[in-house]
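Sharing a structure, written as structure tokens. Questions coming.
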Amino acid sequence: MIQSLRGMNDILSEDYKRFTYFIDVATKVATRYGFHFIETPLLEETALFKRSVGESSDIVGKEMYQFIDKGDNDVCLRPEGTAGVVRAFIQKKLDRAGGVHRFFYHGAMFRYERPQKGRLRQFHQFGCESFGVDSVYEDASMIMMVSDILNELGIGYRLQLNSLGDNNCMPSYHENLVSFVQSSKEAICDDCVRRLAINPIRVLDCKNDRCQFIYKDAPKLIDNLCKDCDSDFEKLKNILDANGINYEVDTNLVRGLDYYSKTAFEFVSDNIGSQSAIAGGGRYDRLVEFLDGKATPAVGFAMGIERLMELIVMPEVKRDGYYIGAMDDEALELTLSLVHKKRKTDRVATDYKAKNFKNHMKNADKANAKYFCMIGSNEIKSGEIIIKDLEDKSETTVKIENF
RNA sequence: GUGGGAUUAGCUCAGUUGGUUAGAGCACUAGUUUGUGGCACUGGGGGUCGCGAGUUCGAAUCUCGUAUCCCACCCCA
């Protein structure tokens, strides 16, 4: 038997219902916030991700599905959504056009990782990207939007917040941190030694207790923000407070992708195991310029759909549509004609075999139909059928031609 | 990539120190008077015990390899 590849799932039945329900809700909310759908290719030039996500990240360093295509192009299955959207934004010259552009997308992403719960090699994200707004109000709106989506889905969460600083304050902080960590280099774990060389701020969220003990006196991002970053962060907190969004400031929250600056946030759930991040995002004011576009402030987030799936509280499914069954073989043809006719407007379930009342009733309940019709010799003779409402148990008689 | 656990019917799982024909519940299917409810009862179908080797008179059971899933790490949504 040929099986699907490791970490690649089929989505069907109940899962598919949850999946589409999520997309529906998220799309509805994003539309209310003024976002428009954008579809970008699954396959992009490798350089795009190397430049945007950054070679220091594991995503680019070791998790990309990268290959040379038949035209000798170095290409990758996208490991995340932002890079492609930014590329499209620049390619369509929207950076030159000016103004505000807001996009949402959803689709498959690919990362070559060891799978576990909430981590797949092909997985799905829903994300939003906003271009052209440098106000921190937009950051706040994004967070409120994620909150709206999660609330509508009945998903509880914790929101973690941090500021990563910008071009003014980040570099000097960076230096301070490196020299601090360097001074106890012998005591930190191997991973941190590696991080120090590749992406120093990542040492901050190391899970090793010994490392954390050392880092508790390390300089904090938040204490070293420049005036702009600091006041924006304060403003952000105030807006969230004023709008009833609970959050915790986590000075060790570091986003994994190189392009973030200033606002960084992560929504986590305590109910789905160790892969607890259900949404993450932040501001990336320099990325558009970095990808050869005209400097444009931007902020965005992405949600991991598979991680959300098991947390979604589905609305109660109501009885819907018809069940039409035949009592005897002579009635089968008329039954199918009526089914066909009704299917132009309603969901209709049927059975191709003649059955007694009880068996049809069982089918109707299984199909969760609202209305129930039986076709037998009586109906053929009288030209009338009885429609039974399975909820309130009432019955109405109609002529077949009016059905 | 590193370490650990698991894999038996469509699903959830039993299966004795290695010993006849591998079981249950749910699901499926048929019947229990061919016209009023989801129930109940009685049958039926369905398994290369993940896959491949090995040990043995004999393997779901022991050993090795391999695939996948799960857990932790790394990292991330």
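So you know, we letter chains A, B, ... as the sequences are listed, proteins then strands, and number each from 1.
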In residues 368-390 of chain A, what donor-acceptor pairs under 3.5 Å come from side-chain atoms, sequence neighbours left out?
residue : atom : partner : partner atom : Å
K370(A) : NZ   : D389(A) : OD2          : 3.2
K370(A) : NZ   : E391(A) : OE1          : 2.8
E379(A) : OE1  : G376(A) : N            : 2.8
S382(A) : OG   : N378(A) : O            : 3.0
S382(A) : OG   : E384(A) : N            : 3.1
S382(A) : OG   : E384(A) : O            : 3.4
D389(A) : OD1  : E391(A) : N            : 2.7
D389(A) : OD1  : D392(A) : N            : 3.2

Quiz item: At under 4.0 Å between heavy atoms, what does E113(A) touch on the DNA or RNA strands: base, sugar-phosphate, or nothing?
Solution: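 Contact class for E113(A): base.
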
So does R286(A) pair up with E289(A), basic N to acidic O under 4.0 Å?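 Looking at R286(A) and E289(A), the cut-off is not met.
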
*asked:* In whole Å, measure the gap between the C1' atoms of U42(B) and A59(B) for me.
replied: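 Roughly 37 Å separates the two C1' atoms.
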
Spacing of K235(A) atom NZ and D230(A) atom CG [to the nearest 0.5 Å]: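 Atom-to-atom, K235(A):NZ and D230(A):CG are 11.5 Å apart.
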
What distance, rounded to whole Å, do you find between the two C1' atoms, one in G3(B) and one in G23(B)?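 That atom pair is separated by 36 Å.
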
- Round to the nearest Å and state the distance from R119(A) atom CZ to C73(B) atom P.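 Taking CZ of R119(A) and P of C73(B), I get 9 Å after rounding.
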
For a quick check of understanding: with a heavy-atom distance under 4.0 Å over all strands, which category does G280(A) fall into, base, sugar-phosphate or nothing?
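G280(A): backbone/sugar contact only, no base atoms under 4.0 Å.
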
For D228(A), check salt bridge (charged side-chain N to carboxylate O under 4.0 Å, His left out) against everything at least two apart and list the hits.
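Partners of D228(A) by the salt bridge (charged side-chain N to carboxylate O under 4.0 Å, His left out) criterion come out as none, since no residue qualifies.
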
Q) Can any side-chain N or O of K341(A) pair as donor or acceptor with the backbone N or O of F403(A) at less than 3.5 Å? A)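 Checked: pair present.
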
G38(B) and G46(B), which share atom name P, separated by this distance in whole Å: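 30 Å, rounded to whole Å.
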
Exercise. State which residues pass salt bridge (charged side-chain N to carboxylate O under 4.0 Å, His left out) with K220(A); sequence neighbours excluded, sorted by chain then number.
Key: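 For K220(A) there are no salt bridge (charged side-chain N to carboxylate O under 4.0 Å, His left out) partners, ignoring immediate neighbours.
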
Can you pull every protein N or O that's under 3.5 Å from an N or O on nucleotides 6-11 of chain B?
none

Under the rule for salt bridge (charged side-chain N to carboxylate O under 4.0 Å, His left out), what residues qualify as partners of R319(A), not counting sequence neighbours?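 By the salt bridge (charged side-chain N to carboxylate O under 4.0 Å, His left out) rule, R319(A) matches D365(A).
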
- Message: Between A30(B) and U48(B), how far apart are the two C1' atoms, rounded to whole Å?
- Response: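 Pairwise C1' distance, A30(B) against U48(B), rounds to 29 Å.
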
Evaluate side chain to side chain donor-acceptor pair (under 3.5 Å) for Y157(A) paired with S147(A), printing each intermediate quantity in order.
-> CA-CA 9 Å; Y157(A) 62 82; S147(A) 167; 2.9 Å; yes

Protein-proximity profile, nucleotides 36-46 of chain B, B/S/- by nucleotide at the 4.0 Å heavy-atom cutoff, equals BBBB-------

Could you check how far CG of D351(A) sits from C1' of C28(B), rounded to whole Å?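 To the nearest whole Å, that distance equals 13 Å.
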
Self-check item: Euclidean distance, atom CD of residue E306(A) to atom C1' of A77(B) [Å, nearest integer]
Solution: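 Those two atoms, CD and C1', are 9 Å apart.
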
**Message:** Distance check needed: A77(B) C1' versus Q116(A) CD, whole Å only.
**Reply:**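 Going from Q116(A) (CD) to A77(B) (C1'), I get 13 Å.
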
- request: Step by step, work out the ring pair (Phe, Tyr, Trp, His ring centres under 6.0 Å) result for F37(A) and F104(A).
  value: CA-CA 5 Å; F37(A) 185 71; F104(A) 72 93; 5.5 Å; yes

**Report entry** Separation between the C1' atoms of C26(B) and A9(B), rounded to whole Å
**Finding:**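 Those two atoms are separated by 12 Å.
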
Next item on the list: Identify, residue by residue, the members of residues 120-127 of chain A with a heavy atom below 4.0 Å from RNA chain B, and return them in order of residue number, or none.
Entry: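 Contacts with RNA chain B under 4.0 Å: L120(A), F123(A), Q125(A).
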
**Item:** U63(B) versus A72(B) - spacing of their C1' atoms, nearest Å
**Value:**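 Taking atom C1' in both U63(B) and A72(B), they lie 27 Å apart.
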
Please work out if Q275(A) contacts a base, only the sugar-phosphate, or nothing of the nucleic acid, heavy-atom cut-off 4.0 Å.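 Base, at least one base heavy atom under 4.0 Å.
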
### Task
Tell me, with the steps shown, if N151(A) and D148(A) meet side chain to side chain donor-acceptor pair (under 3.5 Å).
CA-CA 5 Å; N151(A) 286 341; D148(A) 282 356; 4.9 Å; no

Would you kindly give the CG-to-P distance between D58(A) and C73(B), to the nearest whole Å?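 For the pair D58(A) CG and C73(B) P, the rounded distance is 15 Å.
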
Q | Under 4.0 angstrom between R114(A) side-chain N/O and G3(B) OP1 or OP2 | A |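 Answer no for this pair, as no side-chain N or O of R114(A) is under 4.0 Å from OP1 or OP2.
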
**Asked** Would you call D250(A) and R158(A) a salt bridge, using N to O less than 4.0 angstrom?
**Response**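 Not counted as a salt bridge, because no side-chain N and carboxylate O are separated by less than 4.0 Å.
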
- Select base, sugar-phosphate, or nothing to describe what Q3(A) touches, counting heavy atoms under 4.0 Å on all strands.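 Contact class for Q3(A): sugar-phosphate only.
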
Show which side-chain atoms of residues 122-142 of chain A pair as donor or acceptor with protein atoms under 3.5 Å away, not counting sequence neighbours.
residue : atom : partner : partner atom : Å
H124(A) : ND1  : E306(A) : OE2          : 2.7
E129(A) : OE1  : Y284(A) : OH           : 2.5
E129(A) : OE2  : T82(A)  : OG1          : 2.7
S130(A) : OG   : E138(A) : OE2          : 2.7
S135(A) : OG   : Y137(A) : N            : 2.9
E138(A) : OE1  : R102(A) : NH2          : 3.1
E138(A) : OE2  : R102(A) : NE           : 2.7
E138(A) : OE2  : R102(A) : NH2          : 3.4
D139(A) : OD1  : R283(A) : NE           : 3.1
D139(A) : OD1  : R283(A) : NH2          : 2.7
D139(A) : OD2  : T263(A) : OG1          : 2.7
D139(A) : OD2  : R283(A) : NE           : 3.0
S141(A) : OG   : Y137(A) : O            : 3.1

* **Atom P, compared across U8(B) and A60(B): separation rounded to whole Å** =>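 The same atom, P, in both gives a distance of 15 Å.
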
Using the C1' atom in both, what is the distance from A6(B) to U12(B), to the nearest Å?
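Going atom to atom, C1' in each nucleotide, I get 15 Å.
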
- Item | Nearest-Å distance for atom pair NZ/C1', residues K355(A) and U32(B) |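 Whole-Å distance recorded here is 15 Å.
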
Could you list by number each residue of residues 16-42 of chain A showing a heavy-atom separation from RNA chain B of less than 4.0 Å, or answer none if no residue does?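 Nucleic-acid contacts, sorted: none.
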
Measure the acute angle between the ring planes of F19(A) and Y16(A), then classify it against the limits of 30° and 60° as parallel, tilted or perpendicular.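 Plane angle under 30°, so parallel.
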
- Looking at K28(A) and E152(A), does any basic side-chain N land under 4.0 Å from a carboxylate oxygen?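 A salt bridge is present here (some side-chain N lies under 4.0 Å from a carboxylate O).
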
| task | May I ask you to verify if any side-chain N or O of R307(A) is less than 4.0 angstrom from the OP1 or OP2 atom of A77(B)? | result |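 Answer is no, no contact under 4.0 Å.
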
Exercise for review: Scan residues 65-81 of chain A for pairs that pass salt bridge (Lys or Arg N to Asp or Glu O under 4.0 Å), counting only residues two or more places apart or in two chains.
Suggested key: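 Qualifying pairs: none.
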
TODO: Would you check if the side chain of R111(A) reaches a backbone N or O of E63(A) as a donor-acceptor pair within less than 3.5 Å?
DONE: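 Flag not set: sc R111(A) to bb E63(A) has no pair under 3.5 Å.
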
Q: Determine the contact category for S274(A): base if any of its heavy atoms lies under 4.0 Å from a base atom, sugar-phosphate if only primed atoms, P, OP1 or OP2 are that close, otherwise nothing.
A: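 The answer is sugar-phosphate, as S274(A) gets under 4.0 Å only of primed atoms, P, OP1 or OP2.
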
Interatomic distance, E330(A) CD vs U34(B) C1' [rounded to whole Å]: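 Whole-Å distance recorded here is 11 Å.
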
Q. Among all residues two or more places apart in sequence or in another chain, which pass the salt bridge (charged side-chain N to carboxylate O under 4.0 Å, His left out) test with E330(A)?
A.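 Per chain and number, E330(A) pairs via salt bridge (charged side-chain N to carboxylate O under 4.0 Å, His left out) with no residue.
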
- Item | Distance, rounded to the nearest Å, where N9(A) contributes CG and A77(B) contributes P |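 Rounded to the whole Å, the gap is 19 Å.
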
Which of these nucleotides, U68(B), C73(B), C70(B), is closest to any side-chain atom of R6(A)?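 Looking only at heavy atoms from C-beta outward on R6(A), the closest nucleotide is U68(B).
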
*Given that both pair distances must be under 3.5 Å and the pair must be Watson-Crick or G-U, what runs of three or more consecutive pairs involve RNA chain B?*
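Only these stems qualify: B:1-7 with B:67-73, B:10-13 with B:23-26, B:28-32 with B:40-44, B:50-54 with B:62-66.
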
